[in-house]
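All ligand and atom numbering here is 1-based and tracks the order in the structure.
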Amino acid sequence: MSYVCANCFQDKIARRFIRNKGISGDCDFCGSKNRKVIQAYQLRDLFEEVVGLFEQYELPPGSESWMGGETLAKCLQDWEIFPEDGNEKTQNEILDEIMGFDRRDGDNLASDDWAAKSSHWAANHYTNDGLGLLTISNDHVDF
Ligand SMILES: [Zn+2]
């Protein structure tokens, strides 16, 4: 189990959650000492919805142009969940811990290639404010 601190996130909801529910300790990801930290998996409920917008990237059949997927951290960049100057590799490791992704379970890892399930949906919500507004946005979304 890995501990993560509020500094590892930019998202207000995630930061507040860690400050409210955290215990004092050291962050396993950014190395901050003596901060409020929580076990990464405790953030899963918060992240499930936004991570659920993405899926493993697969080349469309018959497609000639290779668009490519991106790591999950990269996909989430527009949601401003992680600090802009953060390390993508570390962010993917945090996501693996939060979501419990494990290759041994046949899961895709955050560092694999991902793509939005619906570019239309995501494009319409790139102006939103990270984890906090997802619930509100859902009312207007027709899956
Ligand atoms: Zn940290």
Side-chain angles (χ1 to χ4, degrees), residues 1-60 63 65-143:
M1 288 301 151
S2 299
Y3 286 92
V4 66
C5 76
N7 269 9
C8 285
F9 298 96
Q10 179 177 337
D11 183 82
K12 291 192 208 80
I13 308 278
R15 291 174 65 90
R16 198 182 308 143
F17 187 88
I18 293 169
R19 281 198 298 264
N20 289 343
K21 313 249 178 199
I23 55 164
S24 287
D26 302 337
C27 178
D28 290 318
F29 296 98
C30 71
S32 293
K33 305 278 181 207
N34 213 359
R35 296 199 163 262
K36 282 289 177 77
V37 293
I38 60 167
Q39 296 188 36
Y41 76 84
Q42 293 181 270
L43 289 164
R44 191 175 303 176
D45 284 349
L46 280 180
F47 275 77
E48 221 147 41
E49 198 167 6
V50 71
V51 169
L53 301 175
F54 300 92
E55 61 189 351
Q56 187 185 17
Y57 176 78
E58 282 171 35
L59 191 66
S63 168
S65 70
W66 189 79
M67 301 281 289
E70 296 178 311
T71 73
L72 195 52
K74 191 93 177 166
C75 288
L76 294 181
Q77 210 168 45
D78 290 317
W79 296 84
E80 299 184 346
I81 288 164
F82 295 106
E84 234 173 278
D85 56 356
N87 178 308
E88 191 184 326
K89 184 171 174 285
T90 305
Q91 293 169 357
N92 281 316
E93 286 166 9
I94 293 173
L95 287 165
D96 283 339
E97 281 287 331
I98 290 174
M99 299 308 294
F101 293 147
D102 191 330
R103 195 73 84 193
R104 286 167 297 184
D105 296 336
D107 293 334
N108 300 311
L109 300 184
S111 54
D112 289 341
D113 282 344
W114 295 71
K117 283 180 183 167
S118 159
S119 54
H120 176 73
W121 197 101
N124 278 342
H125 293 77
Y126 274 172
T127 53
N128 83 10
D129 194 20
L131 300 169
L133 290 183
L134 277 172
T135 315
I136 297 163
S137 307
N138 264 355
D139 295 336
H140 311 290
V141 173
D142 184 12
F143 279 101

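Rounded to the nearest 0.5 Å, atoms CG (L43) and CD1 (I18) are 5.0 Å apart.
Not one N or O on the side chain of K36 forms a donor-acceptor pair closer than 3.5 Å with the backbone of N20.
Screening the protein for N, O or S atoms under 2.8 Å from the Zn ion (ligand 1) yields 4; no waters enter the count.
Scanning for side-chain contact (heavy atoms from CB on, under 4.5 Å) contacts around E88 gives T71, A73, K74, N92, with sequence neighbours left out. Residues satisfying the side-chain contact (heavy atoms from CB on, under 4.5 Å) test with D105, not counting sequence neighbours, are D102, D107.
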Pairs of donor and acceptor atoms involving the side chains of residues 22-29, under 3.5 Å and at least two apart or interchain, shall be tabulated with distances.
residue, atom, partner, partner atom, Å
D26, OD1, N34, N, 2.9
D28, OD2, Y3, N, 2.6

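Taking the six-membered ring for Trp, W79 and F54 have ring centres at least 6.0 Å apart.
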